[in-house]
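A, B, ... follow the sequence lines: proteins, then strands. Residue 1 opens every chain. Keep in mind it's a predicted model, so treat the numbers as computed, not measured.
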Number of protein chains: 2
Amino acid sequence: MARPCPTGRHDEHNVYAENCPCRALLDLISNKWSALVIGMLDERSAVRFSELQAALPGVGSKMLTQTLRRLEAASLVERSVYAEVPPRVEYTLSELGRSAAVPLGQIRAWAEEHIDQVEFLNRKWSEQN
Amino acid sequence: MARPCPTGRHDEHNVYAENCPCRALLDLISNKWSALVIGMLDERSAVRFSELQAALPGVGSKMLTQTLRRLEAASLVERSVYAEVPPRVEYTLSELGRSAAVPLGQIRAWAEEHIDQVEFLNRKWSEQN
DNA sequence: CGGCATCCTTCCGGATACTG
DNA sequence: CAGTATCCGGAAGGATGCCG
């Protein structure tokens, strides 16, 4: 199915190869919002669109929709529509998504634990507060 | 030094808080190129600009410079200029950068190991090859 | 070699308004 | 409620040229 990439790690795929599909996957989850969305879904299991937006201050509905659609297309996230009034839509992680949540959680944890060592960002933040 | 964020995990910082500086740090390393640059530097220790660019097909010199400057400002990367002819500039990971390389390496590994399960991206890739 | 400056195009992404 | 549609400004980012 998956043809090998030019220079292979893991036998077949290599994120350093320009047009290995796994680089697109890396880009997808290396997105600014993806790590946060996946983290929320990992904590709460089934989350509605509006809950998600409330939990992610700063994201617009357009951005959130885009992010969810991309994650859904890559089958990291599943979308369930309930034909009710008012309509209800819930998002959940697929099994694949849950496996991604592990390393992504470590990245978030790393950022929270090491920010104190990054003077530059702390200073920028102090200035605007 | 670092004032606590509104809603704190790890006592003080929380990537889900809109203006917690650690979100900026997360954004920095969740960047498309950052994970790859940090991965290269982690493998090879001291790398010249042109080596780096050659190892990262698809990146322009402008993008690479930007990425390196940002990582340097956040003290994840150190830059050494040798006054020679021709000039030589080498980049290395700081200790902080090396600590970030661990979870970033796991993200890259995850992408390489799970791409086969993502039909959508594989199909897109097949079509253009 | 390793940039920075400049130009120029693309498209990201916010604001707003509207629908099933 | 959970979006889509449209518009639009500004930033991302490629190409080119010059410099120490």
Between [N] ([atom2]) and [X] ([atom1]): distance, integer Å:
{"X": "K32(B)", "N": "dG13(D)", "atom1": "NZ", "atom2": "C1'", "value": "11 Å"}
{"X": "F49(A)", "N": "dT4(D)", "atom1": "CZ", "atom2": "P", "value": "8 Å"}
{"X": "R70(A)", "N": "dC11(C)", "atom1": "CZ", "atom2": "C1'", "value": "12 Å"}
{"X": "D27(A)", "N": "dA12(D)", "atom1": "CG", "atom2": "P", "value": "17 Å"}
{"X": "E90(B)", "N": "dC1(C)", "atom1": "CD", "atom2": "C1'", "value": "13 Å"}
{"X": "Y91(A)", "N": "dC1(D)", "atom1": "OH", "atom2": "P", "value": "15 Å"}

To the nearest 0.5 angstrom, please state how far the [atom1] atom of [X] sits from the [atom2] atom of [Y].
{"X": "L76(B)", "Y": "R70(B)", "atom1": "CG", "atom2": "CZ", "answer": "12.0 Å"}
{"X": "L26(A)", "Y": "L36(B)", "atom1": "CG", "atom2": "CG", "answer": "5.5 Å"}
{"X": "M40(B)", "Y": "W33(B)", "atom1": "CE", "atom2": "CH2", "answer": "12.5 Å"}

Within-4.5 Å side-chain heavy-atom neighbours: E119(A) and S75(B): no

Any side-chain heavy-atom pair of S99(B) and H114(A) under 4.5 Å: yes

Residues within residues 50-69 of chain A bordering DNA chain C, heavy-atom distance below 4.0 Å: K62(A), M63(A)

Any R48(A) side-chain N or O less than 4.0 Å from OP1/OP2 of dA2(D): yes

Distance test, side-chain N/O of R79(B) to OP1/OP2 of dG3(C), below 4.0 Å: yes

Joint hydrophobic cluster, Y82(B) plus Y91(B), side-chain heavy atoms closer than 4.5 Å: no

Sugar-phosphate, base or nothing in reach of Y82(A), heavy atoms under 4.0 Å: nothing

Residue mapping more 5' on DNA chain D - nearest nucleotide basis, P87(A) or W33(B): P87(A)

Terminal helix-axis angle for the helix from dC1(C)-dG20(D) to dG20(C)-dC1(D), with five pairs defining each axis and rounding to 10 degrees: 60°

Neighbour count >12 (heavy atoms, 6.0 Å) for atom CD, E84(B): yes

R88(B) bridged to E90(B) by N-O distance under 4.0 Å: yes

